[in-house]
Each structure stands twice: as structure tokens, then as C-alpha cells.
Amino acid sequence: MSAPATQRSTAEISVNSTVHEFDGPPHTNALDFLRGVGLTAAKEGCAEGECGACAIMVARPDADETTRWTSINSCLLPAAALDGQEVITAEGLAEGESIHPVQEEMAVRGGSQCGYCTPGFIASMAAEYYRPERVADAAAVADAEDAVAGTEDEGHHCGPNGFDIHSLSGNLCRCTGYRPIRDAAYGLGQPEPGDRIAERRENPAPASASTDFHRADTATGETGRFRRPSTLAEALDILADEPEVLVVAGSTDWGVEVNIKGVRAKSILAIDRLPELRGIRRSPEHIELGAGLTLSELERELAGSIPLLGKLIPQFASRLIRNGATIGGNLGTGSPIGDTPPALLALEAQLVLTSAQGSRVVDLADYFLGYRQTVREAGELITAIRIPLPLSPLTSFQKIAKRRFDDISSVAIGYAMRVEDGIVAKARIGLGGVAATPLRAKATETLLEGSPWTLETIHGAAGTLAAEGTPMDDHRASAKYRTAMLRSSLERFFAEQEATR
Ligand SMILES: Cc1cc2nc3c(=O)[nH]c(=O)nc-3n(C[C@H](O)[C@H](O)[C@H](O)COP(=O)(O)OP(=O)(O)OC[C@H]3O[C@@H](n4cnc5c(N)ncnc54)[C@H](O)[C@@H]3O)c2cc1C
Ligand code: FES
Ligand code: FES
């Protein structure tokens with residue numbers, strides 16, 4: 001076991017191959033740190049993860065001890081979270097006088113007008129340029145009949161060069177109309193031999209530094225602390241001693257609180273790199289997902305082995321957010337409109353809650369108590385999410401939002417069903433956005449089970465499903481609309497399943 005980190009007042013962050021010291025207050029985000037050291041390519045557009053003007057690339061661990069260049073929103077991440085890490089900004093892509101192929105394509109295709117969004121697009125585009133699977137995706141497109149249009153599946157659209165255009169879903173541009181940006185993306189080749197950023201992928205990413213960063217805020221005089229322990233046991237001891245410490249994982253929710261609501265925490269505990277929270281364990285009884293895995297990591301590592309999650313993840317926020325957001329964080333917020341709870345409820349997931357005293361396993365259906373209230377006690381972390389096996393074969397994730405991508409759900413519905421000999425043998429339905437907590441549609445499940453799998457059954461159950469929630473009016477949708485979405489949802493599910501039989 002490694003020793004706890006020594007307290008320091010500076011963090012060290014490698015940016016574009018130069019190590020910079022960070023010594024600001026712990027709530028400082030990575031964007032402000034970068035701009036403070038003169039690297040002003042990344043911009044602040046919204047400060048809440050919506051526009052991508054602040055995108056940068058971070059070296060993250062990939063399979064077989066390699067590195068994956070990962071795009072993230074620097075406005076949401078505390079700078080201290082990058083202690084010991086490697087970052088590339090748009091400034092760091094060029095080689096001497098030669099601009100990077102991504103920059104070249106954006107310039108010659110007219111992908112930049114006012115230029116405010118451009119360095120963020122460049123960072124997201126460069127991360128996709130270096131995505132190892134892009135070579136195979138290009139070959140798959142070439143094999144497909146629609147090679148010109150590209151290949152499309154749930155939330156991915158790869159161009160002829162394998163470039164997934166949804167990798168840019170978190171980047172907004174007010175000027176170009178996007179066509180030239182797409183042309184630039186699809187105009188890219190593969191990295192040339194000797195490309196230093198491509199070659200960097202072959203070595204491991206920096207290990208997660210054990211950090212104990214302590215710094216006074218000169219504006220308020222208050223001292224803040226950011227700790228990243230290297231083991232779960234250490235994290236749990238800190239939580240036991242200081243139950244009020246603020247737990248942070250990907251910081252995609254917390255970063256918005258800091259930037260937009262001005263919330264400050266005296267003491268922060270970063271848990272997202274804890275090795276104990278970052279694995280997927282399979283047994284005959286269940287698949288256990290580490291709570292510190294990001295949505296992008298889960299998508300890659302599960303590779304469709306939990307089809308309902310495979311349908312959900314591409315609809316969750318944007319690639320930039322999914323690269324930071326963890327599954328544990330989505331449950332840690334206790335939000336009634338998080339996207340994972342409806343799907344996980346349909347999968348009958350259980351949460352492993354761990355404190356210094358040990359672990360307990362709680363059904364997700366019993367986890368939510370009220371609006372943003374859960375059974376998780378101070379001192380407990382969500383360490384894993386267990387999905388029982390076998391999985392029901394008929395699944396769907398319906399997300400109703402104002403935009404197809406990069407939007408929070410107004411209503412979300414997860415389905416997992418099994419039909420045997422034309423009869424519904426098992427029905428599990430998870431709902432989000434229609435009550436103070438996510439919930440199971442138990443009355444509808446009971447009605448469906450034992451009934452024939454027919455449109456008549458579905459029509460008969462639609463009214464029951466519509467009455468399962470207690471929806472309210474808010475800026476996303478009216479209660480009436482939410483009820484109408486529930487009413488039509490079962491029919492949509494039935495139609496989807498029949499279309500694929
Ligand atoms: C632009 C934007 C778009 C978004 N779109 C979506 C969307 O489409 N769907 C959706 O569901 N959400 C969305 N979100 C919300 C957010 O990305 C998710 O809730 C995400 O999963 C949070 O994970 P995180 O690791 O970033 O959590 P953090 O911000 O680090 O933490 C969130 C909360 O959870 C707690 N926490 C974190 N990990 C644990 C743990 N292991 N155990 C106990 N508590 C923990 C923290 O203490 C904190 O209170 C969006 C956010 C933004 C900014
Ligand atoms: S500034 Fe808009 S996403 Fe970061
Ligand atoms: S070029 Fe102006 S916002 Fe994109």
C-alpha cells in the first residue's frame with residue numbers, strides 16, 4: 001500500500017510537453033489555469049459543459065498499458081485533478097512551423113470563421129484523429145454499401161475515413177453552419193509514421209498522482225484542500241474522519257456548481273482514478289461495473305455486452321462530457337433526471353455502497369428516498385454497480401429531450417423484457433423525469449407479465465404506464481407532455497421490437 005501523499009501547495013501539470021506549476025485555490029478549473037499560464041487557445045464560452053470551446057486533450061489509460069488521447073471540457077475539471085497528468089491544447093499540436101493535419105483541414109475547408117470555437121473543435125477533432133479504432137472503422141465503412149454516406153448506428157456516424165462525427169457533439173459553432181467542419185473531419189487521413197502524438201499512445205498514461213494539495217484563496221483567505229488518495233482504503237478513512245468532505249469524480253456536475261452557482265468546498269476528495277473503482281468484473285451471477293468508470297470507458301469496455309447500456313450511452317450528453325462523467329457520479333447526484341437510473345432499474349441493478357466499516361449491497365429500486373435523497377450514508381461511496389444475469393433480451397432506452405444529442409432528458413424510459421411462447425414472461429420498466437425520484441413502473445410490469453405479447457396488451461397497459469409517475473411542469477416539459485410521452489412509450493417499444501424480429 002502506498003503512503004498518503006505529502007501536503008503540497010503546488011500541483012505539477014505537463015502541458016504541451018512543458019511542466020507547469022499550479023498554485024491557485026483548489027476550486028480553480030483547468031481552463032483558468034491554462035489561460036493563466038498564457039495558453040489562451042481554449043476559451044470560456046458557457047462554463048457549464050455545453051459549448052466545447054474549452055476542450056483539451058488529456059492522456060488517459062487505455063487497454064494493454066497504452067494511452068488514449070481523451071477530449072474533455074477543461075471548464076469543469078479542477079486544475080488540481082490534473083496533478084501529474086499530461087495535457088495537449090490546440091497550441092501543442094503543431095510541429096515547429098508545420099500546422100497539424102487537423103488544423104490544416106479546418107483551415108483549407110473554411111471550418112473556422114470568427115474562430116472562437118475553433119481551438120475546442122481542434123482538440124475534439126484531434127482526439128478523434130488519434131482514436132485507435134478509427135482505422136478499423138474506416139475499413140468497415142469501405143466495406144459497407146453506403147461508403148460515401150458513412151455508416152451509422154446508435155449515436156455513431158463514421159465518415160469514409162472512420163471519423164465518428166459524434167465525437168464533435170459537445171462542440172458548438174455559431175458561424176460556420178457545420179458543413180465545412182464536417183468536411184474537414186472527413187477529409188483527414190490517418191496519422192503518419194513518426195507522428196509524436198500517435199507514438200505517445202504506445203506507452204502507458206501517467207499514473208494517477210497521489211495528491212494532497214493545500215492552498216489559501218487570496219480573495220477570501222480561506223484554505224482549500226484537494227486530495228486524491230491512491231487506494232480505496234485511504235479514501236474511506238478520509239471520509240470516515242471528515243464525513244463533510246466533498247467527493248468528486250469526473251466533476252461534470254460539480255464543475256457546473258462551482259462555475260455557475262459559485263459553490264465552494266473547503267475540502268475535496270477525488271475518487272475517479274481509484275483502481276478499485278475502475279474495473280469490470282464478470283461472474284456467472286452478475287456483471288459488476290466500477291463506479292469510477294466514465295461513460296465512454298463503459299461503452300468501449302462493455303462493447304455491447306449489456307445491450308440496454310449500449311443503447312443509452314450514446315444518448316448521454318456529448319462525447320466531451322461522457323469522457324469525464326462517471327456512472328457512480330450519475331447515481332451519486334441522486335437526480336430524478338439522470339439517464340442511467342431508468343436503464344439500471346430495468347436491469348434490476350444493485351449498488352455496492354462501501355464505507356470504512358465494510359460494504360453493503362442495495363437494490364437500486366430501494367436507493368432513492370426523495371428528491372436528491374438516497375439511502376447512501378455519510379462515509380459511504382458507491383463503489384460498484386451490479387447487473388444481475390441473465391439479461392432480458394428485449395430492451396430499449398427512450399430518451400425524450402428537446403435535442404437528440406447533448407441534452408438532459410425530459411422523460412427517460414428503460415425497458416428490459418422477456419417473451420416466451422408469445423407471453424410476457426418478465427417485464428422491467430425504469431422511469432426518469434416523471435417523479436421526484438427515478439422509479440420502477442411496477443403496476444405496468446405486473447399487468448404485462450403473463451399477458452400475450454400483442455398490440456392489444458400494449459394498448460391496455462398504456463394508460464397504466466401513463467399513471468405511474470407524478471410529473472410536474474418545469475422549463476423542460478409540462479406534466480401533460482410527460483404523461484403523454486409515458487402513454488405512447490409502450491407502443492413505441494412494441495413497434496421497435498417487432499421491427500427487429
Ligand atoms: C453539459 C452537460 C450535459 C449533461 N448531460 C447529461 C445527460 O444527458 N444525462 C445525464 O444523466 N446527465 C447529464 N449530465 C450530468 C452529469 O454529466 C452526470 O450526472 C455525470 O454522470 C456525473 O458524473 P461525474 O463523475 O462527473 O460526477 P461529479 O460531478 O464528480 O459528482 C456528482 C455528484 O456525485 C457524487 N459522487 C460522484 N461519484 C460518487 C461515488 N462513487 N459515490 C458517491 N457519490 C459520488 C459527488 O459527490 C457529487 O455530489 C450533464 C452534465 C453537463 C454539464
Ligand atoms: S466553456 Fe463551454 S463547455 Fe467549457
Ligand atoms: S467559427 Fe465562430 S463560433 Fe465557430
Side-chain angles (χ1 to χ4, degrees), residues 29-31 42-56 72-78 81 106 110-121 169-178 180-181 232 235 239 245-260 265 268-272 274 277 290-295 312-318 320-343 351-354 372 374 376 380-385 399 401 403 405-409 412 432-433 438:
N29 63 42
L31 176 63
K43 307 271 186 289
E44 182 178 292
C46 63
E48 54 180 333
E50 302 270 2
C51 76
C54 62
I56 57 170
I72 56 159
N73 300 100
S74 65
C75 70
L76 297 179
L77 194 68
M106 280 286 270
S112 176
Q113 289 187 25
C114 81
Y116 198 85
C117 69
T118 309
F121 267 100
S169 59
N171 295 84
L172 301 184
C173 174
R174 288 168 305 155
C175 307
T176 62
Y178 297 109
I181 295 175
L232 176 60
L239 264 176
V245 71
L246 183 100
V247 171
V248 153
S251 195
T252 59
D253 274 313
W254 170 244
V256 177
E257 299 284 307
V258 173
N259 295 347
I260 306 298
I268 298 173
L269 176 65
I271 56 153
D272 53 314
L274 290 174
L277 269 57
L293 290 167
T294 67
L295 275 297
L312 147 69
I313 294 173
Q315 300 182 58
F316 188 110
S318 62
L320 278 168
I321 293 287
R322 293 199 294 275
N323 284 345
T326 63
I327 186 166
N330 202 235
L331 298 163
T333 64
S335 165
I337 50 168
D339 278 339
T340 66
L351 304 190
V352 182
L353 301 177
T354 307
R372 291 193 184 267
T374 69
R376 186 168 65 85
E380 279 184 326
L381 286 177
I382 303 166
T383 45
I385 295 95
K399 173 166 175 165
R403 295 189 304 258
F405 295 111
D406 203 11
D407 205 358
I408 306 274
S409 297

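Positions are given from 1, in the same order as the sequence printed here. When a ligand or atom number is given, it counts from 1 through the structure's own listing order.
Of the heavy atoms in Thr383, none comes closer than 4.0 Å to ligand 1. Only the side chain of Ile271 comes within 4.0 Å of ligand 1, judged by heavy-atom distances.
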| message | Does Leu381 form a side chain to side chain contact (heavy atoms under 4.5 Å, CB included) with Leu239? I'd like the steps, not just the answer. | response | CA-CA 9 Å; Leu381 286 177; Leu239 264 176; 3.5 Å; yes
| query | side chain to side chain contact (heavy atoms under 4.5 Å, CB included) between Val258 and Asn29: does it pass, once the steps are laid out? | reply | CA-CA 9 Å; Val258 173; Asn29 63 42; over 6 Å; no
| task | Evaluate the side chain to side chain contact (heavy atoms under 4.5 Å, CB included) criterion for residues Cys114 and Arg174: first the C-alpha distance (whole Å), next the side-chain angles of each, then the deciding distance (0.1 Å), finally the verdict. | result | CA-CA 9 Å; Cys114 81; Arg174 288 168 305 155; 4.1 Å; yes
| query | Step by step, would you call Asn330 with Thr340 a side chain to side chain donor-acceptor pair (under 3.5 Å)? | reply | CA-CA 7 Å; Asn330 202 235; Thr340 66; 2.7 Å; yes
| said: Under the criterion side chain to side chain contact (heavy atoms under 4.5 Å, CB included), I'd like the reasoning laid out for Asn323 against Asn73: C-alpha separation, chi angles, the key distance, then a yes or no. | reply: CA-CA 9 Å; Asn323 284 345; Asn73 300 100; over 6 Å; no
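Listed here is the closest heavy atom pair of Arg376 and Glu380: NH1-O, 3.0 Å. The shortest heavy-atom contact between Ala42 and Ile56 is CB-CG2, 4.3 Å. Closest heavy-atom contact between Ile181 and Gly111: CG1-O, 3.5 Å. Closest approach of Asn171 to Ala55, counting heavy atoms only: ND2-CB, 4.3 Å. Nearest heavy-atom pair, Glu48 versus Cys75, reported as atom, atom and distance to 0.1 Å: N-SG, 4.1 Å. Minimum heavy-atom separation, Ala412 to Asp339: CB-OD1, 4.1 Å.
Metal site remark for atom 2 (Fe) of ligand 2: Cys46 contributes an N, O or S atom at a distance under 2.8 Å.
Looking at Ile321, Ile327, Ile385, Leu76 and measuring to atom 52 (C) of ligand 1, the nearest heavy atom belongs to Ile321. Of the candidates Thr340, Thr333, Thr354, the one placing a heavy atom closest to atom 32 (C) of ligand 1 is Thr333. Ranked by closest heavy atom to atom 4 (Fe) of ligand 2, the top entry among Ala42, Gly49, Cys54 is Cys54. When the heavy-atom distances from atom 1 (S) of ligand 2 to Gly45, Ala53, Gly255 are ranked, the shortest goes to Gly45. Considering Ser318, Ala47, Cys51 only, the shortest heavy-atom separation from atom 2 (Fe) of ligand 2 involves Cys51.
For Lys399 (side chain) and Gln315 (main-chain N/O), a donor-acceptor pair under 3.5 Å exists by modelled atom type. Not a single donor-acceptor pair under 3.5 Å links the side chain of Ser251 to the backbone N or O of Trp254. Thr383 places a side-chain N or O within 3.5 Å of a backbone atom of Val352 that can act as its donor or acceptor partner. Judged by distance alone, with hydrogens and angles left aside, the side-chain atoms of Tyr116 form a donor-acceptor pair with the main-chain N or O of Glu44 at under 3.5 Å. Between the side chain of Arg322 and the backbone N or O of Phe316, at least one donor-acceptor pair lies under 3.5 Å. Checking side-chain atoms of Asn259 against main-chain N and O of Ala47 turns up a donor-acceptor pair under 3.5 Å.
Near Trp254, the atoms of ligand 1 lying under 4.0 angstrom from a non-hydrogen atom of the residue are 29 (O). Close contacts of ligand 1 with Val256, meaning ligand atoms under 4.0 Å from a residue heavy atom, involve 53 (C). Contact atoms of ligand 1 toward Lys399: 7 (C), 8 (O) (distance under 4.0 Å to a heavy atom of the residue). Taking a cut-off of under 4.0 Å to the non-hydrogen atoms of Val248, the atoms of ligand 1 that pass are 30 (O). Those atoms of ligand 1 with a heavy atom of Ser251 less than 4.0 angstrom away are 24 (P), 26 (O), 28 (P), 29 (O), 30 (O). Atoms of ligand 1 found under 4.0 Å from any heavy atom of Glu48 (numbered from 1 in listed order, with element): 1 (C), 53 (C). For ligand 2, the atoms sitting less than 4.0 Å from at least one non-hydrogen atom of Asn73 are 3 (S), numbered in the order shown with element in parentheses. Taking every non-hydrogen atom of Gly338 and a distance limit under 4.0 Å, the qualifying atoms of ligand 1 come out as 11 (O). When each atom of ligand 2 is checked for a heavy atom of Glu50 under 4.0 Å away, the hits are 3 (S). If you number the atoms of ligand 1 from 1 as listed, the ones under 4.0 Å from a heavy atom of Ala249 come out as 25 (O), 30 (O), 37 (C), 38 (N).
Remark: distances from the non-hydrogen atoms of Arg376 to ligand 1 include one below 4.0 Å. Ligand 1 lies out of reach of Glu257, whose nearest heavy atom is not under 4.0 Å from it.
The distance from the OG1 atom of Thr294 to the CD1 atom of Ile327 is 10.5 Å, given to the nearest 0.5 Å.
Nearest non-hydrogen protein atom to atom 1 (C) of ligand 1 is Gly49 O, 3.2 Å. Distance from atom 5 (N) of ligand 1 to its nearest protein heavy atom, with residue and atom name: Ala317 CB, 3.2 Å. Nearest protein heavy-atom neighbour of atom 15 (C) of ligand 1: Asp253 OD1, 3.4 Å. Atom 21 (O) of ligand 1 has as its closest protein heavy atom Thr326 O, 3.0 Å. Counting only heavy atoms of the protein, atom 3 (S) of ligand 2 lies nearest to Gly52 N, 3.2 Å. Considering only non-hydrogen protein atoms, atom 50 (C) of ligand 1 sits nearest to Ile408 CD1, 3.9 Å. Taking atom 48 (C) of ligand 1 as the reference point, the nearest protein heavy-atom neighbour is Val247 O, 3.9 Å. Ranking the protein heavy atoms by distance from atom 11 (O) of ligand 1 puts Asp339 N, 2.7 Å first. The protein non-hydrogen atom at the shortest distance from atom 27 (O) of ligand 1 is Gly329 CA, 3.6 Å.
With a 4.5 Å cut-off on side-chain heavy atoms, Thr176 and Phe121 do not count as touching.
Neighbours of atom 2 (Fe) of ligand 3 restricted to protein N, O or S atoms under 2.8 Å: the count is 2.
For ligand 1, none of its N or O atoms has an N or O atom of Phe316 under 3.5 Å away. Annotation: Glu380 places no N or O atom under 3.5 Å from an N or O atom of ligand 1; distance criterion only. Considering backbone and side-chain atoms alike, Thr252 places an N or O below 3.5 Å from some N or O of ligand 1.
For Arg372, the CZ atom counts as densely surrounded, since its 6.0 Å shell holds more than 12 non-hydrogen atoms of other residues, nucleotides or ligands.
Checking Val247, Leu232, Val248 one by one against Ile271, the side chain to side chain contact (heavy atoms under 4.5 Å, CB included) holds for a single residue, Val247.
Between Thr118 and Ser112, the side chains place a donor N or O and an acceptor N or O closer than 3.5 Å (distance only, hydrogens not considered).
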